[in-house]
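Note that the coordinates shown come from a computational prediction; the quantities given were computed from them, not determined experimentally. Sequence lines set the chain letters: A, B, ... in the order given, protein chains first and strands last, and positions in each chain run from 1.
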There are 2 protein chains.
Amino acid sequence: MTAEPESDEQACRQVLQILALIGDKWSILVVGHLRDRTLRFGELHRAVTGISQRMLTLTLRQLERDGLLTRTAHPTVPPRVDYALTPLGTTLLDSVVALAEWANIHRPTIIDNRCRYDATHPPRTQA
Amino acid sequence: MTAEPESDEQACRQVLQILALIGDKWSILVVGHLRDRTLRFGELHRAVTGISQRMLTLTLRQLERDGLLTRTAHPTVPPRVDYALTPLGTTLLDSVVALAEWANIHRPTIIDNRCRYDATHPPRTQA
DNA sequence: CAGTATCCGAAAGGATACTG
DNA sequence: CAGTATCCTTTCGGATACTG
């Protein structure tokens with residue numbers, strides 16, 4: 001439980017792996033929309049503004065693979081596919097909420113910091 | 001405070017902005033190593049295994065710009081630059097810990113889920 | 001409706017060489 | 001020591017067209 005330098009590095013790498021799960025452009029949006037209710041593919045497509053069909057499919061496959069959501073295809077015509085969070089996906093969302101709160105609290109500060117930085121540090125390189 | 005569909009979307013987008021701060025390949029590693037003590041550029045370079053000099057510089061600039069760490073250049077020869085977390089950076093790290101715990105608890109499950117998925121779902125497309 | 005397949009431009013990031 | 005500048009490869013993701 002204690003944090004030696006080595007295990008710190010290990011812990012960071014493991015967090016990174018999880019962050020990779022949801023740190024991409026769309027996963028959190030998709031999971032967020034599934035928080036309250038099951039949604040169909042088309043509903044998700046409309047709900048997550050700006051996502052392409054391709055990215056929605058890839059994102060859903062990834063999340064399904066990791067066990068964060070379930071995919072249920074109904075053998076009807078026309079086809080109907082429902083996506084729902086698993087308990088695992090729900091607990092992840094709960095953990096992300098902590099970060100969400102941090103985000104909401106400190107976002108103004110960070111934006112301010114950036115403005116101040118940009119004002120005092122002339123863009124010499126790699127703007 | 002209540003969560004309407006619209007504000008959910010907004011909240012997710014805001015979390016995404018923060019996740020973009022630290023969801024990149026290196027930021028968390030750098031911040032993690034600065035958790036306990038101030039480090040010099042070279043120390044960080046050695047501590048964060050695999051990072052290139054370029055990426056370390058860019059990551060540090062970004063974190064400095066957002067006010068998550070401070071950069072202190074000592075006018076000595078040879079030059080010496082110290083990096084340290086700000087209080088803001090420290091609080092972020094605290095929030096990330098929640099995610100870290102989630103990661104450590106559920107990582108085996110996720111890995112298992114993946115294996116099961118890969119075993120049952122033949123790689124038809126876009127492997 | 002719910003995808004798949006293909007193409008393509010943008011962006012991230014590594015390797016290397018050079019500098020105050 | 002602590003960067004910068006440049007090049008170059010890899011990856012990400014959007015647009016589009018097609019299918020069961």
Checklist entry - Atom CG of A/L58 to atom P of C/dT6: distance rounded to whole Å? => result 14 Å

Next on the checklist: Could you tell me how far apart A/L60 (CG) and C/dG3 (P) are, to the nearest whole angstrom?
Outcome noted: 7 Å

Checklist entry - Who does C/dA10 pair with, Watson-Crick or G-U, both distances under 3.5 Å? => result D/dT11

Checklist outcome for this item: In Watson-Crick or G-U wobble terms, with both distances under 3.5 Å, the base opposite D/dT19 is C/dA2

Checklist entry - For the pair made of CD1 in B/I51 and C1' in D/dG3, what is the distance, rounded to whole Å? => result 14 Å

Checklist outcome for this item: Which of C/dA2, D/dC1, D/dG14 is nearest the side chain of A/S52? It is D/dG14

Item to check | Nucleotide nearest A/K25 (side chain, heavy atoms from C-beta), chosen from D/dG3, D/dG13, C/dA2 | outcome: D/dG13

Item to check | Any B/Y83 side-chain N or O less than 4.0 Å from OP1/OP2 of D/dC1 | outcome: no

Checklist entry - Looking at A/R71, does any N or O in its side chain come under 4.0 Å of the phosphate oxygens OP1/OP2 on C/dG3? => result yes

Item to check | Interatomic distance, A/W26 CH2 vs D/dG14 C1' [rounded to whole Å] | outcome: 10 Å

Checklist entry - Atom NE2 of A/H74 and atom P of C/dA2: how far apart are they, to the nearest Å? => result 10 Å

Checklist entry - Can you check the A/D82 CG to C/dG3 C1' distance for me, whole Å? => result 15 Å

Next on the checklist: On DNA chain C, compare the nucleotides closest to A/P79 and A/R61; which residue's is nearer the 5' end?
Outcome noted: A/P79

Checklist entry - Would you say A/T38's side chain and A/D82's backbone share a donor-acceptor pair under 3.5 angstrom? => result no

Item to check | Integer-rounded Å distance: D/dT4 C1' and B/M55 CE | outcome: 13 Å

Checklist entry - Can you tell which of D/dC1, C/dA2, C/dT6 lies closest to the side chain of A/R54? => result C/dT6

Checklist entry - Parallel under 30°, tilted from 30 to 60°, perpendicular over 60°: which one fits the rings of B/Y117 and B/H121? => result parallel

Next on the checklist: Nearest whole Å is fine: how far is C/dT4 P from A/L56 CG?
Outcome noted: 11 Å

Item to check | Closest-nucleotide ordering on DNA chain D, the 5'-leading residue of B/Q53 and A/D24 | outcome: B/Q53

Checklist entry - Is there a donor-acceptor pair under 3.5 Å between the side chain of A/T59 and the backbone N or O of A/W26? => result no

Checklist entry - Of the options B/R116, B/R107, B/R114, which is the one that meets A/D66 in a salt bridge (Lys or Arg N to Asp or Glu O under 4.0 Å)? => result B/R114

Next on the checklist: Side chains of B/H74 and B/R40, heavy atoms from C-beta outward: is any pair under 4.5 Å?
Outcome noted: no

